[in-house]
Amino acid sequence: MRLKLALLLASTLGLVQPSAAQAADKLTIAATPVPHAEILEFVKPQLARQGVDLQVKVFTDYVQPAVQVNEKRLDGNFFLHQPYLDEFKKGHKNDIEVPVAKVHVEPFAGYSTKYKKLADLPNGATIAIPNDPSNSGRALLLLERQGLLKLKDSRNISATKKDIVSNPKDLKIRELEAATLPRVLNQVDLALINTNYALEAKLNPVKDSLFIEDGNSPYANLLVAREDNKDSPAIKKLSAALTSPEVKKFIEEKYKGAVVPAF
């Protein structure tokens, strides 16, 4: 009886540590800084109340977050869209990444520090685009929609420079690592920049771009897990949190159209 009373008192005073069964499920998710890591940090308290210890590991590139999930060093990632994942899987035959939920769309946009409108872009202008296959194709398709060039197949999201069949302004297309594009913006005439990197560089895709994707973009950013943990309670709780009304409101109010909910 004395032992029971002692344990009860210790529990009341918070002196007894939780058992392994009571401990929070740890979930480590890779993300790029903006907006992905910010959205994950927003849902972190909600998940803690549900017994999930969410750890956000921030990366500034598009390769390592996928590689480390594939190597089972991380539980999942939140930074990529389906076309990127499809291209990544082609080069990684044993890839075990599985999309769990669509969270948001980051409208891709074109920026210039030299010209105020697209009509001013001169012949022979240099245009910088991302060098990863899915985003370079996305950039070329967006350039085609602006009437700057013509591609062999306007539906091919994996288009490359070799697919350009008409380039009336003799534009020079430079493919660079996506993260470096904001830093070279003043060195080129036009740069097509992923919204996460644009936001990090304090560029507002709605106000600062010369043109931007419309709402029909197929590039919704995904919560991705591994095949072996995609149905785990912790991943399911994270998926539900990321597609909740609270997150929808957070995205709409914080990013004001630069990031759009996809649920």
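Below, each value reflects all heavy atoms present in this structure, side chains not excepted, and no hydrogens, waters or symmetry copies. Model, not experiment: these values are computed from the prediction.
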Polar contact flag, side-chain donor to acceptor under 3.5 angstrom, Asn70-Gln68: no
From NZ (Lys161) to CG (Leu151), nearest 0.5 Å: 13.0 Å
Side chain to side chain, Glu252 and Pro261, heavy atoms closer than 4.5 Å: yes
Tyr84 side chain vs Tyr62 backbone, donor-acceptor pair below 3.5 Å: yes
Ring centres under 6.0 angstrom apart (Phe108, Phe211): no
NZ (Lys249) with more than 12 external heavy atoms under 6.0 Å: no
Point-to-point distance, once rounded to the nearest 0.5 Å, from CG of Leu148 to CG of Asn167: 8.5 Å
Distance in Å, Phe42 CZ paired with Leu47 CG, rounded so as to fall on 0.5 Å steps: 11.0 Å
Test item: Phe59 and Val67 side chains (from C-beta on) under 4.5 Å apart, heavy atoms: no
Shared hydrophobic cluster, Leu118 / Leu149 (ILVMFWY, side-chain heavy atoms < 4.5 Å): yes
Joint cluster assignment, Val188 & Ile129, ILVMFWY side-chain distance < 4.5 Å: no
Arg226 vs Val98, side-chain contact (heavy atoms from CB on, under 4.5 Å): CA-CA, chis, key distance, verdict: CA-CA 6 Å; Arg226 304 191 310 260; Val98 179; over 6 Å; no
Asn194: which of Asp132, Asn135, Thr32 passes side-chain hydrogen bond (donor to acceptor under 3.5 Å, both in side chains): Asn135
Step-by-step ring pair (Phe, Tyr, Trp, His ring centres under 6.0 Å) determination, Phe78 to His104: CA-CA 10 Å; Phe78 176 37; His104 68 267; 5.4 Å; yes
Within 6.0 Å of NZ in Lys248, more than 12 heavy atoms from elsewhere: no
salt_bridge(Asp53, Lys26) N-O dist < 4.0 Å: no
Leu27/Ile235 under side-chain contact (heavy atoms from CB on, under 4.5 Å): CA gap, chis, key distance, verdict: CA-CA 8 Å; Leu27 196 60; Ile235 288 290; 3.8 Å; yes
Exercise: identify the closest heavy-atom pair between Asn131 and Ala178: OD1-N, 4.3 Å
Common cluster, Ile212/Leu203, ILVMFWY with side-chain heavy-atom separation under 4.5 Å: no
Whether Asn156 side chain and Asp153 backbone form a donor-acceptor pair below 3.5 Å: no
Distance in Å, Leu176 CG paired with Arg183 CZ, rounded so as to fall on 0.5 Å steps: 10.5 Å
Sidechain-backbone polar pair: Asp61 side chain, Gln64 backbone, donor-acceptor under 3.5 Å: yes
Non-hydrogen atoms of Pro35 and Val259 that approach each other most closely: CG-CG2, 3.9 Å
Electrostatic pair Lys117-Asp120, nearest N-O below 4.0 angstrom: yes
Full working for side-chain contact (heavy atoms from CB on, under 4.5 Å) between Lys57 and Ile29: CA-CA 6 Å; Lys57 188 169 183 180; Ile29 302 295; over 6 Å; no
Nearest heavy atoms of Ser154 and Leu141, plus distance in Å: O-CD2, 3.2 Å
Closest non-hydrogen atom pair between Ala258 and Pro107, with its separation: O-CD, 3.2 Å
Atom pair CG (Leu210) and CG (Leu121), whose distance is rounded to the nearest 0.5 Å: 8.5 Å
Glu106 side chain to His36 side chain, donor-acceptor N/O pair below 3.5 angstrom: yes
Basic-acidic side-chain contact under 4.0 Å: Lys230, Asp228: no
Polar side-chain atom of Lys169 near backbone of Ala125 as donor-acceptor pair, under 3.5 Å: no
Lys236 atom NZ, over 12 foreign heavy atoms within 6.0 Å: no
Under 3.5 Å: donor-acceptor pair, side chain of Lys172, backbone of Asp170: yes
Close side-chain approach of Ser136 and Ser134, heavy atoms under 4.5 Å: no
Least distance between heavy atoms, Leu223 atom then Val103 atom: N-CG2, 4.3 Å
Within-4.5 Å side-chain heavy-atom neighbours: Lys256 and Val206: no
side-chain contact (heavy atoms from CB on, under 4.5 Å) assessment of Val100 paired with Val224: CA-CA 5 Å; Val100 176; Val224 170; over 6 Å; no
Charged N-O contact under 4.0 Å between Lys90 and Glu87: yes
N/O donor-acceptor pair under 3.5 Å between Asn77 side chain and Ala225 backbone: no
ILVMFWY network linking Val63 to Val58, side-chain heavy atoms under 4.5 angstrom: no
Of Leu190, Leu171, Ile164, the residue whose pairing with Leu143 passes side chain to side chain contact (heavy atoms under 4.5 Å, CB included): Leu190
From Arg138 atom CZ to His81 atom NE2, the distance as rounded to the nearest 0.5 Å: 5.0 Å
Heavy-atom pair with the smallest gap, counting every atom of Val105 and Ala220: CG2-CA, 3.8 Å
Hydrophobic cluster membership, Val247 vs Leu199, 4.5 Å side-chain cutoff: yes
Any donor-acceptor N/O pair, Ser112 side chain to Tyr115 backbone, under 3.5 Å: yes
Test item: side-chain donor near acceptor, Glu200 and Asn196, under 3.5 Å: no
Any side-chain heavy-atom pair of Leu80 and Leu222 under 4.5 Å: yes
Aromatic plane relationship, Phe88 with His92 - under 30° parallel, 30 to 60° tilted, over 60° perpendicular: parallel
Sidechain-backbone polar pair: Asp208 side chain, Asn204 backbone, donor-acceptor under 3.5 Å: yes
Donor-acceptor under 3.5 Å (Tyr197 side chain, Thr60 main chain): yes
